Student: 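Got a structure for you, questions after.
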Amino acid sequence: MKATVLNVDDNAAGRYARSRFLARAGFRVTEASSGGEAIRLARECKPDIILLDVNLPDIDGLQVCQVIKADQDVSVSRTPVIFLTASRLADVDVVSGLDAGADNYLTEPVEPSVLVATVRALLRAKEAEEELVRMNEQLRRFAFIVSHELQEPLRMVKSYTQLLAHRYKGNLDKEADDFINYTVDGVTRMQSFIRDMLAYSQAAEGGLETKPMPAQDALDEALKELEAVIGESGADISVEELPTVMADCSRISQVFRNLIGNAIKYAGSEAPRIHISAKEDGGDWVFSVKDNGIGIEEKYAEQVFGLFKRLHGRERAGSGVGLAICREIVEHHGGRIWVESSLNAGSTFRFTLPKAGVDRTAAAG
Ligand code: ADP
């Protein structure tokens, strides 16, 4: 099928000439002569690529590009945009154009064959990106189905091995007792791994129900679920006043649960001390969960958010999925998550969420 190019230029002669050689090169061409029309056609016709004049009579080309790139519909926001201009030629203009989200910035006169080759290159990149998105989605579905389907048989294996342990412990020889213990232990670990995988594939799917919600509600839910662990560890948890944010309460509660759970799990020799706070930053709130635990070497600060990445062995139970879940949830909200830490100096995990009234979920999607 022919790829469609939306050719936006208020200069009729230039637009016509460009449409002609694009059509000759095998593209279907749609035209717009103003910024407003370009935005409308980008949404209605979903072209494969947009050639955008910078100087337009109604809306500035940079602004048109920003609107398209921020569209809630990803099939619109992912459309490659090439700026074409005969007037804004300085380096600073190129920078502004690319910063507005464009994929390329060409200055006239442009040799038609160069323009066609550039269009083809960007279409190849777009196709590769779409394939990646498709494969990721397939992988996520696979992880979901596998973890979902394994839950039931595993539950069965676990309850029968527990029954065996209960009934026959001490009635057989010591070796048999050991075997039963190993089995129960293995099944328990496998079950928590499968549960984590399921939670990860659900977090990766997004599907958020965002509304203005007091962050304290999400934290309360997390603290309630962690009640037993907090009690056992003797953790001291302090909380500053938290704001209202635009978010899905149960998902943010999971972020707090994973971060606070980790702050307890990766405690040092002292009892865990955890401080939770938030501060304003433009249109966002930055939340912090600070602990006095064993810390993380700076070189691993990014890697710990990867799936299955663990820095510690069996002595601390875990599957390396908790922080990956946090990252999926925060990014689906249009936020960021990172850690500031060094070895033996505690860790501060920070994540941003949009203020109430600002919804970035679809754009992040
Ligand atoms: P898990 O805890 O199941 O291993 P996570 O994804 O939650 O998986 O964390 C990944 C790794 O990051 C952990 O294995 C641990 O090495 C490190 N980590 C996470 N949180 C902390 C923390 N608060 N202090 C020190 N290390 C941490």
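Just so you know, ligand 1 is whichever comes first in the structure, and atom 1 is the first atom listed for that ligand. Quick caveat, the model's predicted, so the values are computed rather than measured.
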Student: Assess whether a salt bridge exists between Arg124 and Glu127, defined as any Lys/Arg side-chain N lying under 4.0 Å from an Asp/Glu carboxylate O.
Tutor: no

Student: Mind checking whether Ile296 has an N or O less than 3.5 Å away from an N or O of ligand 1?
Tutor: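 By distance alone, the answer is no.
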
Student: Does any N or O atom in Ala324 lie less than 3.5 angstrom from one in ligand 1, N or O only?
Tutor: no

Student: Among all protein heavy atoms in this structure, tell me which lies nearest to atom 7 (O) of ligand 1, with the distance rounded to 0.1 Å.
Tutor: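 In this structure, atom 7 (O) of ligand 1 has Asn262 ND2, 2.8 Å as its nearest protein heavy atom.
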
Student: Of the listed options (Glu297, Arg327, Arg310, Lys309), which comes nearest to atom 10 (C) of ligand 1 when hydrogens are ignored and any heavy atom counts?
Tutor: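 Selected option, by shortest heavy-atom distance: Lys309.
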
Student: Relative to the ring of Phe256, is the ring of Phe351 parallel (under 30°), tilted (30 to 60°) or perpendicular (over 60°)?
Tutor: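 Answer is perpendicular, since the angle exceeds 60°.
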
Student: If the threshold is 4.0 Å, N to carboxylate O, is there a salt bridge linking Arg43 and Asp73?
Tutor: no

Student: Is Gly320 in contact with ligand 1, taking contact as a heavy-atom separation below 4.0 Å?
Tutor: yes

Student: Can the ring centres of Phe21 and Tyr16 be said to be less than 6.0 Å apart?
Tutor: no

Student: Pull out every atom of ligand 1 sitting under 4.0 Å from any heavy atom of Val321, numbered as shown with elements.
Tutor: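 Numbered from 1, ligand 1 contributes 6 (O), 8 (O).
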
Student: Using 30° and 60° as the class limits, which term best fits the ring planes of Phe349 and Phe305: parallel, tilted or perpendicular?
Tutor: perpendicular

Student: How far is atom 23 (N) of ligand 1 from its nearest protein heavy atom, and which residue and atom is that?
Tutor: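 Protein heavy atom with the smallest distance to atom 23 (N) of ligand 1: Asp291 OD2, 2.9 Å.
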
Student: Which protein heavy atom lies closest to atom 16 (O) of ligand 1, and at what distance to 0.1 Å?
Tutor: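 Ranked first by proximity to atom 16 (O) of ligand 1 is His312 ND1, 2.5 Å.
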
Student: So does Glu302 pair up with Arg327, basic N to acidic O under 4.0 Å?
Tutor: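 Looking at Arg327 together with Glu302, the answer is yes, because their closest N to O distance falls below 4.0 Å.
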
Student: Ring-plane angle category for Phe144 and His148, please: parallel below 30°, perpendicular beyond 60°, tilted otherwise.
Tutor: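 Correct class here is parallel.
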
Student: Report yes or no: does Tyr300 have a heavy atom closer than 4.0 Å to ligand 1?
Tutor: no

Student: For Gly318, take its heavy atoms, then give the atoms of ligand 1 lying under 4.0 Å from any of them.
Tutor: 3 (O)

Student: So, Lys355 and Glu280, do they make that salt bridge, N to O below 4.0 Å?
Tutor: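 Salt bridge: yes.
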
Student: Which atoms of ligand 1 have any heavy atom of Val304 under 4.0 Å away?
Tutor: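 Those qualifying, in numeric order: 10 (C), 12 (O).
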
Student: Does Asp53 come within less than 4.0 Å of Arg18, counting only side-chain N to carboxylate O?
Tutor: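 Salt bridge flag = no for Arg18 with Asp53.
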
Student: For Lys265, is the nearest heavy atom under 4.0 Å from an atom of ligand 1?
Tutor: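 A heavy atom of Lys265 does come that close to ligand 1.
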
Student: Charged N to carboxylate O below 4.0 Å: is that the case for Arg336 and Glu331?
Tutor: no

Student: Looking at ligand 1, is there an atom of it that comes within less than 4.0 Å of some heavy atom belonging to Asn258?
Tutor: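 Contact absent.
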
Student: At under 4.0 Å between heavy atoms, is it the side chain or the backbone of Leu323 that contacts ligand 1, or both, or neither?
Tutor: both

Student: For atom 1 (P) of ligand 1, which candidate among Phe193, Tyr200, Tyr266 provides the closest heavy atom?
Tutor: Tyr266

